[in-house]
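Input: a single structure, listed below in structure tokens.
Per chain, numbering begins at 1; letters A, B, ... match sequence-line order. Just so you know, these numbers use all the heavy atoms, side chains as well, and skip hydrogens, waters and symmetry mates.
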There are 2 protein chains.
Amino acid sequence: MEKVDGRLVRGDQTRRAVLRRAVDIASVDGLEGLSIGRLATDLGISKSGLFAHFGSKEELQLATIRAARRIYADAVVMPALEVEPGLARVRKLGECWLDYSRRRIFPGGCFFQKVSHEYAARGGAVHEALVVVHREWMDLMENVVREAVDRGELDADPAQLAFDLNAYYEAANLASILHGDESGYDQASRSIRVRLESAGR
Amino acid sequence: MEKVDGRLVRGDQTRRAVLRRAVDIASVDGLEGLSIGRLATDLGISKSGLFAHFGSKEELQLATIRAARRIYADAVVMPALEVEPGLARVRKLGECWLDYSRRRIFPGGCFFQKVSHEYAARGGAVHEALVVVHREWMDLMENVVREAVDRGELDADPAQLAFDLNAYYEAANLASILHGDESGYDQASRSIRVRLESAGR
DNA sequence: AATCTATACGAACGGTCGTATTATTAGTTT
DNA sequence: AAACTAATAATACGACCGTTCGTATAGATT
């Protein structure tokens with residue numbers, strides 16, 4: 001069996017293909033609506049072969065969350081971290097987020113907003129994984145804001161400002177998917193701008 | 001057959017009981033997770049008898065949305081409309097909303113936030129019904145804000161302020177359900193207060 | 001008393017779900 | 001070339017899904 005970097009290539013490629021499709025499906029139909037049979041049919045492989053890669057549906061769901069997290073990190077977080085810390089990075093993070101939603105990196109809009117609502121009121125490993133990701137994201141936003149505060153570019157409670165900004169993002173994402181128009185993004189952009197200006201010193 | 005107000009009593013009571021349970025289930029597991037068999041078992045009635053009341057799962061889902069809308073109107077909208085129009089009503093609407101979420105009128109938090117995300121990226125009658133309800137709600141908020149603007153108690157674009165306030169509500173609701181703590185409500189209250197103060201004249 | 005209709009029931013349908021077991025293929029190693 | 005192993009496939013299972021059907025009951029109408 002061909003190996004690269006100690007990983008088996010054939011199976012790993014299949015895994016990647018499965019997860020790439022899985023995140024798209026889950027962003028539209030949720031992690032519950034993500035069914036193994038449908039996934040296998042879509043990819044033209046056998047249900048049992050696909051199943052063998054994960055061992056259980058829950059493990060597939062957790063792997064899908066990890067895959068989505070990587071895509072999210074690449075699309076939203078990394079580009080913002082390339083900008084110098086401070087207010088500029090805060091702005092960039094917002095632009096990246098709205099672009100990430102608008103450009104439908106996931107066809108159903110923000111993957112995590114979708115599945116977080118799906119599992120918010122349930123128990124289990126999937127819920128716990130989503131709690132961790134949400135906590136990570138809010139901490140990241142808070143830290144990015146704090147850098148701007150520490151530099152004297154903003155005067156605000158980092159947690160509070162992060163809460164507000166995140167609220168705008170999510171409201172825009174839902175409005176866009178639900179109504180199929182772009183007006184939510186404009187409203188969010190304006191809210192972000194006003195909010196940052198009022199916190200500017 | 002006994003009649004009251006032209007309605008058949010026996011069947012209507014069953015319908016009500018079904019829908020009362022249905023909204024609770026759907027707020028946790030979604031309108032897709034709402035299964036007829038489980039609903040019937042929970043209520044101690046037969047699956048086929050329950051099914052006969054609605055004729056299809058989609059019709060049950062639509063009826064569940066209408067039932068939830070009534071509960072929402074009673075818990076959130078009506079109490080706010082008892083306050084005089086203007087800034088006081090804007091504030092009251094916010095308090096009612098956060099209370100509605102905090103007190104778990106639906107055990108899974110806001111019913112409409114849950115199922116709107118569930119059906120946001122899908123087609124069909126359920127999606128359309130949820131679009132209408134969302135539009136109704138945003139229009140209501142906008143009008144309540146506009147009354148305050150017309151009275152000179154606020155200086156703001158009603159649609160923009162409604163967008164922001166709604167964003168705070170939903171962010172608080174999700175944070176509360178996902179993490180099981182109340183801190184999101186405090187953050188939302190503070191954001192609402194600050195936002196209204198900055199729009200005060 | 002006879003008829004009609006609303007309501008509810010049990011049983012069954014074809015499908016799909018997640019999962020387990022067993023077999024087959026393909027690629028590497030010896 | 002043979003042996004081994006990872007990857008995929010074939011098949012089957014029981015549980016549950018939404019839905020349909022035929023039937024029983026009970027209250028209302030005539």
Fill in the blank from the handout: B:His53 NE2 to C:dC9 C1', in whole Å, measures 12 Å
Handout entry: A:Arg15 CZ to D:dT8 P, straight-line distance once rounded to whole Å
Key = 11 Å
Practice task
May I ask you to check whether A:Ser101 and A:Tyr169 show a side-chain donor-acceptor distance below 3.5 Å?
Solution key: no
Exercise for the section: Classify the nucleic acid contact of B:Ala52 as base, sugar-phosphate or nothing, counting any heavy atom under 4.0 Å across all strands shown. Expected result: nothing
Practice task
Write down the distance between CG (B:Leu60) and P (D:dC17), rounded to a whole number of angstrom.
Solution key: 13 Å
Exercise for the section: Verify the distance criterion only: is there a donor paired with an acceptor across the side chains of B:His117 and A:Glu118 at less than 3.5 Å? Expected result: no
Distance-only criterion, 3.5 Å: show the donor-acceptor pairs between side-chain atoms of residues 71-79 of chain B and protein atoms not counting sequence neighbours.
residue	atom	partner	partner atom	Å
B:Tyr72	OH	B:Trp97	NE1	2.9

Handout entry: A:Arg190, CZ atom: more than 12 neighbouring heavy atoms under 6.0 Å
Key = no
Practice task
Determine the contact category for A:Leu50: base if any of its heavy atoms lies under 4.0 Å from a base atom, sugar-phosphate if only primed atoms, P, OP1 or OP2 are that close, otherwise nothing.
Solution key: nothing
Write out a two-atom table: protein N or O, nucleotide N or O from nucleotides 17-19 of chain C, distance below 3.5 Å.
residue	atom	partner	partner atom	Å
C:dC17	OP1	A:Ser35	OG	2.7
C:dG18	OP1	A:Lys57	NZ	2.7
C:dG18	OP2	A:Ile36	N	3.0
C:dG18	N7	A:Lys47	NZ	3.1
C:dG18	O6	A:Lys47	NZ	3.4
C:dT19	OP2	A:Lys57	N	2.5

Problem - Distance-only polar pair, side chains of A:Glu32 and A:Tyr119, donor-acceptor under 3.5 Å - result: yes
Problem - For atom CZ of B:Phe54 and atom P of C:dT7, their distance in whole Å - result: 12 Å
Exercise for the section: Check the distance between D:dA7's C1' and A:Leu43's CG and give it to me in whole angstrom. Expected result: 15 Å
Problem - B:Arg69 atom CZ, over 12 foreign heavy atoms within 6.0 Å - result: no
